[in-house]
Amino acid sequence: MRPLNATIDPQALIHNFKRVKDFAPNSKVMSVLKANAYGHGLIESARALNKSEGFSVLTLGEAIELREFGFNQEILMLEGIYEGYEVAIASKLNINVVLHNQEQLNQILDAKPKKPINVHLKVNTGMNRLGWVPEDLPQVFKVITSTPFIGKVTLMTHFSSADEKEGIASQMKVFNNIQNDHQFDRSVANSAALIRYPESHLEWVRPGIMLYGASPFEDNSINELDLKAVMSLDSQIISIQSLKKGESVGYGSSFVAESPMKIGVVACGYADGYPRHAPTGTPAMVDNVMTSTVGRVSMDMLYVDISKINDVKVGGRVELWGKNVPVDAVAKKAGTVGYELLCSISSAQRVPLRYLDGQN
Ligand SMILES: *Cc1c(COP(=O)(O)O)cnc(C)c1O
């Protein structure tokens with residue numbers, strides 16, 4: 001069997017969930033499980049995060065799967081419905097939907113669900129991606145509070161720059177100006193806002209990335225935030241090459257040895273979700289010693305420098321990211337964010353997920 005796999009540590013998920021509660025002790029937590037729980041597995045992650053008051057997902061299929069596995073928390077579809085037929089199913093299974101435009105509102109009203117459907121009314125406070133502009137709200141409030149087809153309403157918005165120096169102030173101001181006569185619950189904070197801006201906590205928080213032990217910030221590591229890495233992407237050395245001075249390794253001969261070197265060929269490539277743009281010098285660990293990659297990442301393989309590591313053999317253990325090699329450090333080298341790397345394992349569909357048992 002190919003030696004590549006991703007090991008998930010549920011205890012680390014539980015630790016990170018506790019950190020959410022440390023930061024926002026008075027808010028209900030809607031743990032974000034979209035993209036197969038950022039690559040960590042929907043159901044297994046939901047189990048570890050079972051103390052969450054709610055879960056959010058993208059699709060109806062994911063929401064149904066959570067219900068089928070017996071999760072009875074609130075479940076929210078983060079972009080709401082895409083087609084009218086979804087309304088009846090969501091209402092029957094008590095799945096909440098984001099309501100971000102007039103088309104969705106029409107679909108709900110046309111579907112006439114037997115049970116009123118709960119909505120998270122999404123307000124565009126400046127990100128300009130999804131949601132109603134504040135001027136629309138009085139009219140929308142009128143419709144959704146008078147129809148029998150809509151039940152509980154929660155107001156939500158999403159921040160564009162909670163992780164950057166702009167922060168959330170201007171969007172928060174727009175949100176706080178909404179005339180909330182009905183005292184709808186409110187939900188605004190992603191991980192970055194939850195950590196940095198207590199004024200964003202309100203009735204609900206919506207953490208994603210921090211649960212999975214990656215940092216939402218470029219300038220704060222998970223150690224500084226007391227978060228634990230959940231996923232470890234591990235493989236093995238499948239070949240050892242000796243380079244003479246002036247020889248190169250891999251496609252494009254982009255890396256040339258300046259002195260004699262020993263190179264380990266690792267069973268992991270960009271088809272597995274490892275970033276092709278990771279340059280020479282991206283950190284990796286071999287047999288518990290920190291080293292780095294060399295040359296261009298191939299589809300199924302990449303290369304690490306093992307010149308200074310004693311006795312590395314074929315079968316030597318390689319951590320590509322995990323407890324020792326921060327996914328954020330690999331992401332930074334590759335010009336991306338931890339989010340993308342964690343999710344890409346899932347989209348590659350080639351990396352088996354393994355779960356440490358709960359006692360570890
Ligand atoms: C993904 C997502 C979140 C979680 O964001 P993180 O930065 O991962 O904490 C919260 N809210 C919405 C609407 C999202 O799409």
Side-chain angles (χ1 to χ4, degrees), residues 13 16-17 19-24 27-40 42 45-46 49 52-59 62-63 74-82 95-101 104 119-132 154-164 166-168 171-172 175 185-198 200-220 222 225 227 229-231 327-328 331 336-344 346-347:
L13 272 169
N16 297 337
F17 180 79
R19 293 294 294 144
V20 168
K21 287 290 187 185
D22 291 343
F23 282 109
S27 302
K28 291 182 281 185
V29 178
M30 181 158 274
S31 294
V32 180
L33 299 176
K34 65 191 178 196
N36 197 29
Y38 292 45
H40 295 68
L42 174 67
S45 300
L49 298 169
S52 308
E53 287 86 357
F55 293 127
S56 35
V57 295
L58 199 64
T59 64
E62 294 164 316
E74 297 218 12
I75 297 179
L76 174 66
M77 290 169 64
L78 280 169
E79 293 177 4
I81 53 162
Y82 303 94
I95 291 161
N96 306 344
V97 297
V98 162
L99 173 52
H100 67 78
N101 66 16
Q104 289 182 326
V119 300
H120 281 227
L121 193 72
K122 187 152 191 179
V123 184
N124 175 9
T125 55
M127 181 156 178
N128 298 319
R129 189 172 66 175
L130 297 181
W132 308 81
T154 304
L155 286 181
M156 77 180 283
T157 194
H158 193 54
F159 297 124
S160 63
S161 310
D163 56 323
E164 295 179 39
E166 290 90 326
I168 64 168
Q171 286 187 261
M172 211 54 211
F175 190 81
D185 278 358
R186 297 156 300 167
S187 169
V188 302
N190 58 4
S191 299
L194 193 161
I195 293 169
R196 282 205 180 148
Y197 304 106
S200 71
H201 292 170
L202 307 177
E203 286 78 23
W204 285 96
V205 292
R206 302 192 306 269
I209 195 72
M210 68 182 290
L211 293 169
Y212 305 103
S215 176
F217 306 113
E218 203 170 327
D219 51 355
N220 280 120
I222 59 167
L225 301 170
L227 299 170
V230 179
M231 179 195 291
V327 69
D328 294 321
T336 181
V337 287
Y339 295 81
E340 186 183 8
L341 301 193
L342 296 172
C343 294
S344 58
S346 233
S347 31

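Values reported hereafter were calculated over all heavy atoms of this structure, with side chains retained and with hydrogens, waters and symmetry mates removed. Each ligand, and each atom within it, is numbered from 1 in the order the structure gives.
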Close-contact set for ligand 1 against Tyr38 heavy atoms, below 4.0 Å: 1 (C), 4 (C), 5 (O), 6 (P), 8 (O)
Ionic contact status for Lys21 with Glu53, cut-off 4.0 Å: yes
Leu78 neighbourhood, listing ligand 1 atoms whose heavy-atom distance to it stays under 4.0 Å: 13 (C), 15 (O)
For Lys34, the ligand 1 atoms whose distance to one of its heavy atoms is below 4.0 Å: 1 (C), 2 (C), 3 (C), 14 (C), 15 (O)
Trp132 side chain reached by Asn124 side chain, heavy atoms, under 4.5 Å: no
For atom 7 (O) of ligand 1, the protein heavy atom that lies nearest, with its residue and separation: Tyr339 OH, 2.6 Å
Residue part near ligand 1, for Arg206, under 4.0 Å between non-hydrogen atoms: both
Over 12 foreign heavy atoms within 6.0 Å of CD, Glu218: no
Evaluation steps, side chain to side chain donor-acceptor pair (under 3.5 Å), between Thr125 and Thr157: CA-CA 7 Å; Thr125 55; Thr157 194; 2.8 Å; yes
Side chain proximity check, Lys34 to Leu78, heavy atoms < 4.5 angstrom: yes
Test side chain to side chain contact (heavy atoms under 4.5 Å, CB included) applied to Ser160 and Glu166, Arg129, Met127, the passing residue: Met127
Heavy atom of the protein closest to atom 12 (C) of ligand 1 (residue, atom name, distance): His158 CE1, 3.4 Å
Close N or O approach (Ile209, ligand 1; < 3.5 Å): yes
Under 3.5 Å: N/O of Ser191 near N/O of ligand 1: yes
